[in-house]
Every structure is written in C-alpha cells, then in structure tokens.
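Chain A is the first sequence line, chain B the second, and so forth, proteins listed ahead of strands; every chain is numbered from 1.
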There are 6 protein chains.
Amino acid sequence: MRIHIVNPNTTASMTAKVAEAARRVAGPDTEIVAGQPEHGPASIEGHFDGALSIPAMLGEIARAERDGVDGHIIACFDDTGLDAARSLASAPVIGIGEAAYHAASLVGGKFSVVTTLSRSIPILEHNLVRMGLAAVCGGVRAAEVPVLALEEPGSSARERIAEEIDRAIVEDRAEAIVLGCAGMADLAGDLSQRFGLPVVEGAGAAVKLVEMLATLGLRTSKIGGWASPLPKAWAGPYAGLAGPR
Amino acid sequence: MRIHIVNPNTTASMTAKVAEAARRVAGPDTEIVAGQPEHGPASIEGHFDGALSIPAMLGEIARAERDGVDGHIIACFDDTGLDAARSLASAPVIGIGEAAYHAASLVGGKFSVVTTLSRSIPILEHNLVRMGLAAVCGGVRAAEVPVLALEEPGSSARERIAEEIDRAIVEDRAEAIVLGCAGMADLAGDLSQRFGLPVVEGAGAAVKLVEMLATLGLRTSKIGGWASPLPKAWAGPYAGLAGPR
Amino acid sequence: MRIHIVNPNTTASMTAKVAEAARRVAGPDTEIVAGQPEHGPASIEGHFDGALSIPAMLGEIARAERDGVDGHIIACFDDTGLDAARSLASAPVIGIGEAAYHAASLVGGKFSVVTTLSRSIPILEHNLVRMGLAAVCGGVRAAEVPVLALEEPGSSARERIAEEIDRAIVEDRAEAIVLGCAGMADLAGDLSQRFGLPVVEGAGAAVKLVEMLATLGLRTSKIGGWASPLPKAWAGPYAGLAGPR
Amino acid sequence: MRIHIVNPNTTASMTAKVAEAARRVAGPDTEIVAGQPEHGPASIEGHFDGALSIPAMLGEIARAERDGVDGHIIACFDDTGLDAARSLASAPVIGIGEAAYHAASLVGGKFSVVTTLSRSIPILEHNLVRMGLAAVCGGVRAAEVPVLALEEPGSSARERIAEEIDRAIVEDRAEAIVLGCAGMADLAGDLSQRFGLPVVEGAGAAVKLVEMLATLGLRTSKIGGWASPLPKAWAGPYAGLAGPR
Amino acid sequence: MRIHIVNPNTTASMTAKVAEAARRVAGPDTEIVAGQPEHGPASIEGHFDGALSIPAMLGEIARAERDGVDGHIIACFDDTGLDAARSLASAPVIGIGEAAYHAASLVGGKFSVVTTLSRSIPILEHNLVRMGLAAVCGGVRAAEVPVLALEEPGSSARERIAEEIDRAIVEDRAEAIVLGCAGMADLAGDLSQRFGLPVVEGAGAAVKLVEMLATLGLRTSKIGGWASPLPKAWAGPYAGLAGPR
Amino acid sequence: MRIHIVNPNTTASMTAKVAEAARRVAGPDTEIVAGQPEHGPASIEGHFDGALSIPAMLGEIARAERDGVDGHIIACFDDTGLDAARSLASAPVIGIGEAAYHAASLVGGKFSVVTTLSRSIPILEHNLVRMGLAAVCGGVRAAEVPVLALEEPGSSARERIAEEIDRAIVEDRAEAIVLGCAGMADLAGDLSQRFGLPVVEGAGAAVKLVEMLATLGLRTSKIGGWASPLPKAWAGPYAGLAGPR
C-alpha cells in the first residue's frame, strides 16, 4: 500500500518530521511518500495562509494520483483544503486534524485540543462542528507559539503547551489531549507520560485511518458534496488540474 | 461610498447581472465597482471550483483595497473565500449568501434556500451552521440546474426553481425563500409575486449590509480568526499579496 | 422613507437618545419619527416589565401604520413584543437587539453582549437562541447597572461596562461587543477605540436594516407565525387594535 | 391545597372544560379555582392574541395571590405569559403546554404535538426549544382547526386531529402524542385507546405538577430571570399590579 | 396506589433513607414499598457498578410487577437501567435523576447538579442530553465525596456539597440546584434555606411524578424503543425474567 | 497483536461470521480471538436484551484481559456495554457500531444507518448523539428484519435492506450507508456495488481501529468517566469481576 502525505506549506523540515511520525506506525506493507508544494507560505497560520496554499497542494495530490496511491494525508492540522482534495482525488483523503479527533474520541470521553496560535482556534472549532466531534471536545486552546518555533531547539514552546494541557484537565475536564499542529508530532509520547492521559498527534492516526479505508475498500463517495469536478471553461495556471475537461 | 463587488468566477456576464442588481438598490452616494479575476473556472460548482478560485479573487480584493474602497462583496452564493478575504481586507467583506440569509431571517420565521446543483447543498449547509442561521433555515434544496443554464434564455431553469419553492412551502414550512445562486438575482421579484412570500436574492442585500457597516464605522475585528496575515517566507505567484511582509 | 421608532418604556429622554443615534446614521432620504407609549413602566427590566409594555407599544405601532411608515424599530434591547408587532404591522419590524446581533456577527467571528442587569440575561439568551445567533455569541454578561443609571451623569456605569468588555475578550474570546441596552447607544464609539474591536449599538444598526428591507421591497411574511391577527370577539381597551374584525 | 387556573382568553366555556379536566385528577385535598379575565380575545391564535391577553391574565394571577393559593396554572397551550407570571407570583406557576411536554417525555421516547392552527406551530416550537424538550419532540403539527371549532358539536375537528396523529406515528416515529390546545382536553382518552399509545392533555398534567411543587415545598427561584419586578415609576392601568413599589 | 422503589445497590440503609423521603411526600392513598437486590455492588460509582447492578434490579422490578404496583422508581441518581426497566415493566418507571431534573426546570430557568464523584459526571451529562434537559442545565459538578461517606455522621461531605453550590450560583448562574445522589435526600431543606434558592432531591419528585402518571392513566408507550422484550432463546440465570417466551 | 472480539449474544454462528469478517481485514501480525458468553439472549433486540447481556460479556472481557490482549471489540451494533467495558479493561475497547460510524464519516459527508428492528433505532440514535456523529448522520432506518432472519438463507432480508438504502439516498441525501447489525457483515460488498456508494460494516472497521490504537500506544483514559471500578463490598456472582477489591 502506498500513502501520499502532502504538507501544504513549503517547509521541508516539517514534511520530514511528519513523514517520520508516519513511518514509525505504518504497517509493514505500507510505503509512505511525502512532499510539499514548491509555492505558497512557509507555514499556515490562519485562513489567509490556508486558502493560498490549497491550489499548489491540490497540484501535489493530482500528481500523486497519476503516480498511483492508495490514499492521501493532508499534513496540516487545519485540514486545509480537505473538501476540495476529496472532490479531486479518487483515493481516500484524510486530514491529520480529523484523524487526531477521531482517535482521541475513542480513548477519552472528552478531549481538548492544544494548538499554536489563537487565530487558528476558530478554524479548528469549525472543523470540529462540521465533523460532529465538537460534541465530545472540551475546548480548543492556543499555546501562543508560532508554528516555526516548534522547529527551534531550546524554545519555550514545549512548556507553553504543557501549561495548556494542565488547564485543559482542570477547566475542560479533558480526558485526552490532541496536539493541534503537525509540528508537535514528536511531543506526544513525553506529554502522555507526564500527564497520565492519552496524548494524540494526528500524523500517525491519519496513516492508520488511510490504511483502514484502503483495506476495507472504502473510497470517497462521489454522489454528494465530494462529487468529481465538472468539466468547464477554465483560465490560467490550474486549468488542467482536474483532468481533461 | 465605494463598494467593490468581486465575482469569483470568470464569467463577465454574471458579474454584469450582479452589478446591475447591486446598482438598483445602492444608496444615492454609493458607487459600485465590479469585476472578476482573469484566471479560474467559468462557474463555481462545488468545493474544487471554489477552492481554486480563491487566490485570484483575493488578488482582486487586494487591488481594490489599494484603490480605496469602503467594503467588498463576494458575489458567489457559496461565500467562497470569505474568511480569507476578511483576514486580508481592512474594509468589511460580505458574501451574498450570508447577506441573503440574514435578510431572509428578518422577514420569515423560517426560510428555505433553493440553489442550483445538489453538490452545493453541503457547502451552503456548512455556511449556515457556522453563521448560526441553520437554526432558522428550513432546508437547502437544489433545482438541479447548472449555473450557466441560468444565463440561457428559454431554459427550464425558472420552472425547476419554482417547483422547489412550492415544495419548500409545504414540506419545510418555509415562510421566506432565498435564491441560492448569484445568477438567479433577476428572478426574485416575479417569484415573490407568484408565491406570495418574500424571495431574497443576495446581491442587493449585500450592498445594503456593506452600506450599514460602512455607515456605522464597523470594520472586521482583527483580534481573532480574521487577524491580518502574519509576515513570513512565501514562494510563488501570490507571495506579495498580503503586502510587504 | 419614513421609519417609526417606538421605545416601549415611558422615559422620553431614552427615546430622544435612541432617535439621535438613529438620525446620525439614517440615509439622506430617511425620516425618523420616534415616540413612546403614555402607559407602562419607566424602564424595562425583566419579563414582567416587558410583558406589560407590549399592548401600549402595539398601539403606537398601529397608529404609525395608519399614518404610513416604511418600517418600525422596537427600541428595547429585549426585542420586546417583536413577534406580536410583526403579526400586527404590514411594514417590516426590527428590534434593536436583533439588529445589533446581526451586525456584530458580520464583523466578529464571535461576539459577546454586555447588558444592564442579570435578570435580563435569560431574555437575551432566549432571543439569541431563537434567531440562531447564539451559535456565534460568546456570552451574555450583565454590568449590574440599572437602566436609568445610564441616564445619570457621573455614575460608574461606564466603568462597569468596560470591566465586562475586558472579561469578554479574555474569557469568551469575543472579537466584537454588543452593547445590550438602548441607553448605552452613545458609548459605542469610545469603547471601540479603547478596546480595539468593533462595539455595536443596536439603534443605528436597526435603522440600516429597516432601510435595507424597505429598499429591497421585503416585507414580513404572512404565511406562518407572523400571520395577521384573525378577526374574533374581543373585550376591553385593545379590542379594535388589529382593525375592524 | 388550592390551585388557581387562569384561562388567558375570555371564553368561559373553555375555562369550564379545563377546570373539569383538572378536578377529575386533582388530589383529595386539592381545591381548584378557575377563571378568565374580563378583557382580551375570545381565543388565542398566534402571537398577537397572546401578547394582548397577558396583562389582564397577570391581573387575575395577582388577585389569586392576594386571596392565597399554592400554585397557578396558565390554561393556554402556548404557555402565554409564563415568564412574566413566574416573575410576579410567589407561588409556583405551570403552563399546560409545558406540563404536557414533561409528562409525555416520561412515557414516550419521542412525542409529537398536534395543535389547532399552523400559525401556532412556531410558538410551540420556541417553547420546546427553551425548555430543552425539543430534543425529544418528533414534530409539532397543526390540524388546521380553529380553537373555537373544538367547542362546536358535530365539527370535523376530531377527525382532523386523528389524521395528524396517524401521520405523527409514521413520519415522526412518535411514541406519544400531546394534544396542543386547552380545548382538546376531553379527547385524550378516546384517542389513546384508538391509537394504542399515550395521549397527553396538559390541564391534568399541570395540576399534578403544581401539586408536586407545592408538596415538595419548591417555589420559583427569584435570583435569575424570574426575579420579582423592581419598584419603578409606572403610568396607566396596570401601575399597581406588582404591589406597592 | 402502590409505588415500588428499587434501590439498585445493596445498601439497605440507603434504601431506608430514600423510602423515608418518599413517604414524607406521598399522597394519602399512596403506599410505598421499597427494596434492594440481594446481589450487586454496595454503591454505584461509575459505569461498571451501574451495568452490573441492572439484572438483579430488573429482577426486583419483575417481582413487583407480579405483586401488582402502579409504578416503579429507580433510586439511583444515574437512572441506572431506566430504558431496560421501561421495556420490561407495564407500569410506568421513573428515575430519581430524571425526576429531579424535571422538577428543577419548573422552578429555575437554569439548574446545576451537584453529585458525588467526578466519574459520575459524564453519566449524568449523557442522561441530561438524552432527556433534552441539558439545554436548561448550567453544569454538573462533583463534590468528590464517596457515596457511602454521605451515610457517615461527622463527615465533611455536607460542606463540600455547599462549596459546589456556591460555585454553581456564581459560575453557572444556576437558579436552582439538584442534589445528584440518592444519599443526599435529607440535605435539600437545609441547603435551600442556606442559599435562598430551590434545592431539589429526586426521590420525592419521583414519587409525585409516578402519582401523576398513574392518576392520568399514562403508561409507557410500547411502540418504540421501550417495546416489550421479544420472546427468544435465552440461557442462564435471567432466562425467565421477561416472562414465558 | 491480539484482538479479542466478544459477541454479547449467545449465537455462535453470528460470532463466526463476525470473526470471519474481522480476519479478512486484519493485519498480517494480528491474531483474532472471538467468543460469546454462555449465558444471555440469543440475539440483542432492544434495551432489555442488551442490559441483560452485559455482565456475562464483561466476564468474557475480564477473562481475555487475564489472557493478555491488545484490544477488545464488542460485536453488537448497539455498542452494548461499551462504557462499562472501557472502565473494566486496560486495553482499548471499540464497538462495531461506533467503528462503522467513524469510518463512514470519512468517506461520506452524510451517512445513513440501516438496522434490523425499529425498536433499536432510539438506541443507535442515542449512541450517535453521544459520539457527536449524529451531526453527520442523515437518519437511522429499520428494515424490520429480525436479527436471526439474517442467518436464514432465502429470507427477504436482503431486499428489505436494499429498499431502505434506496430511500436513504433520496430522502436523507445519504452519501454513504452503515449496515446496522453484526449479522449484515457479509452484505457490504454487494450493496456497495449495486448502489454506487460506500457501504460500511462495523466489524472490519473495528479491527482496523483497534490496530490503530494499539500501534499508536493509545489506551483508554482512566481519569474521567472510564476510570477503573473502585474497590467495594459486592455480593453475588460478579463480585470478583473487577479483580481483588
């Protein structure tokens, strides 16, 4: 089985970190291919960055489809462009945010999310509402740590995240924690030990969910909101993205 | 006052129709400037078309901001890219979908939406949930009419729309109807007369809401999810869109 | 265009303040006529005051309808008697509470309301739920300031309100603030400057929404809950209010 | 124990029917006193009728309080003026609509309501939402029977109601039925037999709920939305209603 | 009338306390019979204890049905096994948790629940959601007092409960309090006096609700989720519980 | 990895069918052990059957824990006893109902459930509400086929199920279908082909979700509602189930 991970931002070190987390848990027959677009923002912090990263990310997904893959993972915790990717791709697509929420809801009666910046909170809250999982989410909290600070050794990012986990346990009665940024993928083990509750990072969960869908033969339904793009007149750089139309 | 209408698809005849509907209701001191991007799909039917139209649409919004405007209207009923546009712009931004929902909720205890294709239903439903107005919406219905068919004289589009209005009154107990596509802007008057209930098209409503915000001096809050884009490394065509960073 | 503002309480100074806020933002062709009933409570603080003010307020609305107006505004933040007024009137009716909520939701992803007394909180919460806008409201807070204290120079009312705005930003993550009493109409500008976020008062918003409905030719739907009163036997002072029956 | 039933409309025959239903189920030590105001509409059909009936109804409640009672029942299925009555009265107050909903939810996993006219549906739906019981309500349906037709022998009212019960069982999967009008109080037994499921009328349920609250010593909380009216300047007929202020 | 109270745990002193609370409020013609199963846990603290107590509790209900009763009360605040009991019994069944929620919602616009251990909070929250009454519940709080500590004279249990009531009034804006454990039945009067708001214990409320249903002739609907058990092959100790099948 | 499947009813042929579906999709290193309790009902149809099957099922789970397993699957679509099992077990526990809902929500924007008997509908609806996934569920439908009829060759069960799928696509706008009974596990492939949309059976999905949790090292949180049973006095057959206490 071949799973394509696309990091929608242009920071290759973050792609590498996610791919590593993915390979750690992938099944023996699963090959992970990972990449990021050439164009777009170095990190996704808020709606604007997210919206502009989508076309190039869809370009990566189209290329991977042509190469042949069994599923795609969008490696941004905002689940950036998930709906458009599901419309375009024929293989299943999973966002690391949604993967983490589903996994957390299976081991904690209520989970809280700790993300980087508060501007991302409404994005995650809306995703949770759409997926229904807002009902089992105790809260979305921001550690107020820029995404790229997570890549810097010696930053106080880890402590800020721990502080919010502490609060989530007391104030939200969280029974599990979701780490709300692809860049936090390597912290889950330590934090779980420290706080004595499940701490979920999304990249690993996404791999296992794509493996699940592929093994069960489940592909994105094409009869509703994720129907394939209709052929139509199209001008400019992405004109051919959805195939000959 | 100067209001910028951006049609996110590339079909100039649709821009013209919306601009006409806008000018019909604009205040005596309001100037309407309208346009559409050079690149992108000829119509927006579903998530994929929408996602790909956003960058070029944001380009139009950035240009209008530089020229100086008091507000922007996104002339697609899906409210395409509304969050990203609010993050980018300093003037207020209104989508014609949201405008229609707000207006309808003021004259009908429950309204239903009649849109073009069923693939758009989940998009509108999610928008309604986010805005809270799902609570006063009786249903979103599709006439199964392609967007561009609305531009063709002699199509059966109008009758299909009327049939769904009939059903909405009986099955949803709708007290008002929202026409769920920019291309339906010219049908509202006739349908209202025929069915004896308010029929709302969004372009006119959006103009009056932008006028409201501008007159009241209300601008998009920049302390939450619609905060201005952060400066960061950026590669490719839209690198400078959010200004020098 | 002629807009009728009815203050449902008997305090003429409050009517004057609301009318002034209204005239400040009304269009060049809009005439504002404002009044209050002769009978009823001097202020509306809670369900009892509200219920008893409605018949005389409806009398004012009936009179204005006979005189000919293009819309009515109910100038109490509780939106007192809004449903009954919509049933009675043929012109559209807007409450200043609902107007403020709609406006705030267009400039803030989440807004909080600061009202006078805590006994009014459940009233506003129920209104928000009915309108659907509870979904985008972060909280309703009381400054514990009696309505008429807002009319007294030198009271600490303004500071109490500012304290609650402070809390709303931190605890509710409010991105916009709604001032929850007609008597606060003159504070919005200063508070917006001080806190760096949109602060909405309802009277101005209501004027622009009535102008919107009148310009768009949208009138209250009469096929559902706001149907015109049925003719029937009626005893006592308000027997003829709904016209010859 | 003494329970005061107030019919908010002026039709004495309806008061008599409700009082009879109440006496049939009252405890051996419970005295039922029932009345209706002198002024107001002959029936309550929609928001307008309801709003205008409240002041005179509150007058009846104030008089009963002075005479000494252990609880009040508002005998209109719309629960007209319930919040204002709870603010005014020191004894507990129950509406027959709410009583029926609570009782039905204890014997059916999901109940549907059959009321008279469709204009009343939004009123009942809002009440259900406020009480939370919308979550266990399958639907509110109108038999399109005017309230006073229920008083006429030989009308087709009963058959129209039966038809809606039939539909509620099939379409709403209703396990219990609530009869949504005080005038239907005498139909419950027959309909229950005919359809093989619990059919609830509200007057009897309200008597038992008032008996419950009185026996348990539970009175309306006065620290929130139902706090006693504040003393204030008041002009006109109901100036003294809330006592010396 | 004969009401059967079953305490699902095996602690006879708790049965006695509940029966006493029940008899204090029962009508003159109501006989209370109370018991507990021979087998099972000494107290119910969490899902596991609850699940294991149900079969023996259902055995008690079956025995009482054979003896002839007009209704059953499940005397555990978790409403343990309520659905299964309603399926089995032909007389109505009320849980003391649900009884308390319904009663509290009639005297307080918003109520909070104070229970024993935090592990019970999700159980009560789920019950409230199912019954719809979550919409009028301000919060469920744990005093972190083991159930059996309530039986010990001189424990600090009472003070811990009072502390949580204090917080509920301030933080949840609770207007009424529900005591969330059968073992707290004797504290309601004192706490109500001390805090000046209604404090509801469920056993008394349950008695009056069963009396209501029995007097009104309302029995559990058997056409939906509470249909009688179907006859089928059955192995082991409870094989005959649902009667000859 | 070793996964324990417990079928809570006593019908060994159903256990075999589920185990077969499980083994078809299990990873190369996954061993499936499956069983059913000796005591209890032959099928689970409604609340009563479910409640009585739980203690013996928990006995099976305790035995498997002693033998050493990496996770448990409850092979009843009602997710019978899931909370109690999670409290008791130290390895993760997944219900086949919840597994199917999660999987379906990843490939369909809205899914509908087709179960056996209408008496099970409220059970599944409550589970969906608790898990949050009610928000993405279009409806729960019953084919009115007894559970054991699914085991009979030549029954009309398959056609009844297909009819409900047809309706779900039209009436619920379902984009995916969940087969709501363990006994339907072998129908998914054919129905998916026939209707051109994803059809999910839960046993396979549950295997992959347990593999996910085990691989990611995620175990049930023990700090909330699923905390381990407290030691306490206990009488009768299941006294020692939670270990020495």
Exercise. Could you look at A:Arg24 and say if it's the side chain, the backbone, both or neither that has a heavy atom under 4.5 Å from chain F?
Key: neither
Self-check item: Point-to-point distance, once rounded to the nearest 0.5 Å, from NE2 of A:His102 to CG of F:Leu133
Solution: 6.5 Å
Quiz item: Can you tell me how far the CZ atom of F:Arg173 sits from the CD1 atom of A:Ile223, to the nearest 0.5 Å?
Solution: 10.5 Å
Quiz item: Pick from F:Gly189, F:Gly217, F:Ala205, F:Cys137: which one has the most heavy-atom pairs with chain A under 4.5 Å?
Solution: F:Ala205
Quiz item: Given a strict heavy-atom distance threshold of 4.5 Å, which part of A:Val25 is in contact with chain F: side chain, backbone, both, or neither?
Solution: both
Quiz item: Of the listed residues (F:Ile169, F:Val207, F:Val136), which shares the most heavy-atom pairs with chain A below a 4.5 Å separation?
Solution: F:Val136
Practice problem: Below 4.5 Å from any heavy atom of chain F, which atoms of A:Glu201 appear? Answer side chain, backbone, both or neither. | Solution: neither
Quiz item: Between atom CD of F:Glu211 and atom CE of A:Met212, what is the distance when rounded to the nearest 0.5 Å?
Solution: 11.0 Å
Practice problem: Sort out for me which of A:Ser192, A:Ala135, A:Gly109 touches chain F most, counting heavy-atom pairs under 4.5 Å. | Solution: A:Gly109
Self-check item: Spacing of OG1 belonging to A:Thr220 relative to CG belonging to F:Leu197, to within rounding of 0.5 Å
Solution: 12.0 Å
Practice problem: Supply the atom-to-atom distance F:Thr215 OG1 to A:Lys208 NZ, rounded to the nearest 0.5 angstrom. | Solution: 4.0 Å
Quiz prompt | Contact winner vs chain A - F:Gly224, F:Gly225, F:Pro28, heavy-atom pairs under 4.5 Å | solution = F:Gly224
Quiz item: Relative to chain F, which segment of A:Ile94 carries a heavy atom at a distance below 4.5 Å: side chain, backbone, both, or neither?
Solution: side chain
